[in-house]
Enquirer: 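My questions will all concern the structure given below.
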2 protein chains.
Amino acid sequence: MNSELSHIQANINSLIEMNEEEWTYYSAMFRVKEFKKKEILLEVNDICSNIFFVNKGLLRIYFIEKNGDESTIYFSQENDFAVDYDSFLNQTPSNYTIEAMEDSQVVFMSNKMVVEGYNKLRNGEKLGRLLAEKYFLIFSKKIQNIYTKTPFERYLLMNEQFPNIRQRVPQHYIASYLNISSVHLSRLINKKL
Amino acid sequence: MNSELSHIQANINSLIEMNEEEWTYYSAMFRVKEFKKKEILLEVNDICSNIFFVNKGLLRIYFIEKNGDESTIYFSQENDFAVDYDSFLNQTPSNYTIEAMEDSQVVFMSNKMVVEGYNKLRNGEKLGRLLAEKYFLIFSKKIQNIYTKTPFERYLLMNEQFPNIRQRVPQHYIASYLNISSVHLSRLINKKL
DNA sequence: TAAAACTGATAACATTTGTTATTGCAAAAT
DNA sequence: ATTTTGCAATAACAAATGTTATCAGTTTTA
């Protein structure tokens, strides 16, 4: 058993049932790759042809605004996925950039592999459904928090969703994730309001 | 052919293939109901046991903040769905309220029916996947807009996503959807800044 | 190891957005 | 038909948040 795939195997097994034969067939299509801190996994305007699964390390998904500012929408830590889902599903140019925040080990699931899984795995469509539902609920919660929580409350909640993220990335990325300026976040943390 | 179901049939057919026999079996489980303006389809803390499909009229999905303010997260117009997906999928108490903004005709898909569809329809899981993906992308776009667009830009975009919504609901609900105060929206519209 | 780039705190100031109250008009209820 | 309620505009003020600049301490790079 390839230990590089043990985490994603466990992750998928927590969602659907997959027998030995299916796993053998399916797992042969994964690719594993290492990235150095600051390396880019997906560039804006490229077509996102893979879903990334983080074995080790940390990825950041962000987009760039007209004025050049970056807006971080998601951090993918160990055992989580990273993808521009729109670009991936529709094979259209990406609006997002995906960047390694630390030296990372990443498992690639190609679009071809995922589509093939829909058809060839007994529970391929179910896997797709459960993943889409899971990330829908995450984003739904994120919207609810933007609407109802103060920035500081969101700052605290963020640490629950992304444990130790505050220790792993510079503060201005946190501010970007919270959709506030880094100055404002610093003020909130240090209660100089 | 029941004309009350023609819209949802077309909607589902645009997503998956379904033969006559499957449709006959599946469509027998829909229920159709009329609601008067201001009637509530889903109360907070009730379990959302149905997905609502709007044949005619307009629904609003919102939640209530600690201070009593309402935050509107979605408008469901003709040929669109409305649901507290979290409550529906996990059969947990709802955080949201769903209310008719106009006299409406609504098709009910029960949780039982949907789960049965996953198993009994050839493309049941695929239907679930495509719907989850569709609404994921809508919410993903919504987050991107919150991060990158000004309130006034979001006001203009909203009219693309929900055609004629400005003519159909009072302005303060629009403000609530945009996550700004009604006074602020009025100022933006009347350029008194 | 020296230089450069990055980070986070802070201050001063500008801008955006919210809150409350008032008013006139329109819509809905009786 | 008249009363009540709801709605949108507006003004005055308050609070939240952004912008720019500076600085000291780190970390990274050459």
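The sequence lines fix the lettering, A, B, ..., with proteins before strands; numbering per chain opens at 1.
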Enquirer: Among C:dA21, C:dA28, D:dT28, find the nucleotide with the atom closest to the side chain of A:Lys37.
Expert: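 Output: D:dT28.
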Enquirer: Is the phosphate of D:dA16, meaning OP1 or OP2, less than 4.0 Å from a side-chain N or O of A:His184?
Expert: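 So the side chain of A:His184 is outside the cut-off, no N or O lying under 4.0 Å from OP1 or OP2 of D:dA16.
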Enquirer: How are the rings of B:Phe108 and B:Phe35 set to each other: parallel, tilted or perpendicular (split at 30° and 60°)?
Expert: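 Ring orientation, 0 to 90° scale: parallel.
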Enquirer: Closer than 4.0 angstrom, basic N to acidic O: yes or no for A:Glu78 and A:Lys56?
Expert: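 Looking at A:Lys56 together with A:Glu78, the answer is no, because their closest N to O distance does not fall below 4.0 Å.
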Enquirer: Mark yes or no for a side-chain to base donor-acceptor pair under 3.5 Å between B:Arg187 and C:dG18, with no hydrogen or angle criteria applied.
Expert: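 Yes.
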Enquirer: Tell me the interatomic distance from A:Lys191, atom NZ, to C:dG8, atom P, rounded to whole angstroms.
Expert: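 Spelled out: NZ on A:Lys191 to P on C:dG8 is 17 Å.
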Enquirer: Nearest whole Å is fine: how far is C:dT16 C1' from B:Asn179 CG?
Expert: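 For the pair B:Asn179 CG and C:dT16 C1', the rounded distance is 14 Å.
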Enquirer: Ring of A:Tyr118, cation from B:Arg129 - is the NZ or CZ under 6.0 Å from the centre and inside 45° of the axis?
Expert: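 So B:Arg129 does make the cation-pi contact.
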Enquirer: Measure from CD1 on B:Ile189 to C1' on D:dT10 and round the result to the nearest Å.
Expert: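 Rounding to the nearest Å, CD1 of B:Ile189 and C1' of D:dT10 are 14 Å apart.
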Enquirer: Distance check: side-chain N/O of A:Gln171 vs OP1/OP2 of C:dA9, anything under 4.0 Å?
Expert: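 Yes, within the criterion.
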Enquirer: Grab the NZ-P distance between B:Lys38 and C:dA28 for me, whole Å please.
Expert: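 Taking NZ of B:Lys38 and P of C:dA28, I get 8 Å after rounding.
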Enquirer: Nearest to the side chain of B:His172 - D:dT10, D:dA8, C:dT10?
Expert: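 Of D:dT10, D:dA8, C:dT10, D:dA8 is nearest to the side chain of B:His172.
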Enquirer: What is the distance, to the nearest angstrom, from the CD atom on B:Glu70 to the C1' atom on D:dG6?
Expert: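 Checked: the CD to C1' distance equals 14 Å.
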Enquirer: Return whichever of B:Pro170 or A:Leu185 has its heavy-atom-nearest nucleotide of DNA chain D closer to the 5' end.
Expert: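 Checking each residue's closest nucleotide, the 5'-ward one belongs to B:Pro170.
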Enquirer: Rounded to whole Å, please give me the gap between OH in B:Tyr147 and P in D:dG18.
Expert: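 The answer, rounded to whole Å, is 12 Å.
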Enquirer: Figure out the CG/P separation between B:Leu188 and D:dA9, and round it to whole Å.
Expert: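 Going from B:Leu188 (CG) to D:dA9 (P), I get 11 Å.
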Enquirer: What is the distance from CG of A:Leu178 to C1' of D:dG18, rounded to the nearest Å?
Expert: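 Those two atoms, CG and C1', are 15 Å apart.
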Enquirer: Would B:Lys134 and B:Phe139 count as a cation-pi pair here, with the cationic atom under 6.0 angstrom from the ring centre and within 45° of the axis?
Expert: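 No - B:Lys134 does not lie over the ring of B:Phe139 by the 6.0 Å and 45° rule.
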Enquirer: Can B:Glu65 and B:Ser71 be counted as having a side-chain donor-acceptor contact under 3.5 angstrom?
Expert: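 Looking only at side-chain atoms, B:Ser71 and B:Glu65 do form a donor-acceptor pair, the distance falling under 3.5 Å.
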Enquirer: Taking only the side-chain heavy atoms of B:Ser181 (C-beta and beyond), determine which of D:dT20, C:dT19, D:dT10 contains the nearest atom.
Expert: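 Given the options D:dT20, C:dT19, D:dT10, the side chain of B:Ser181 is closest to C:dT19.
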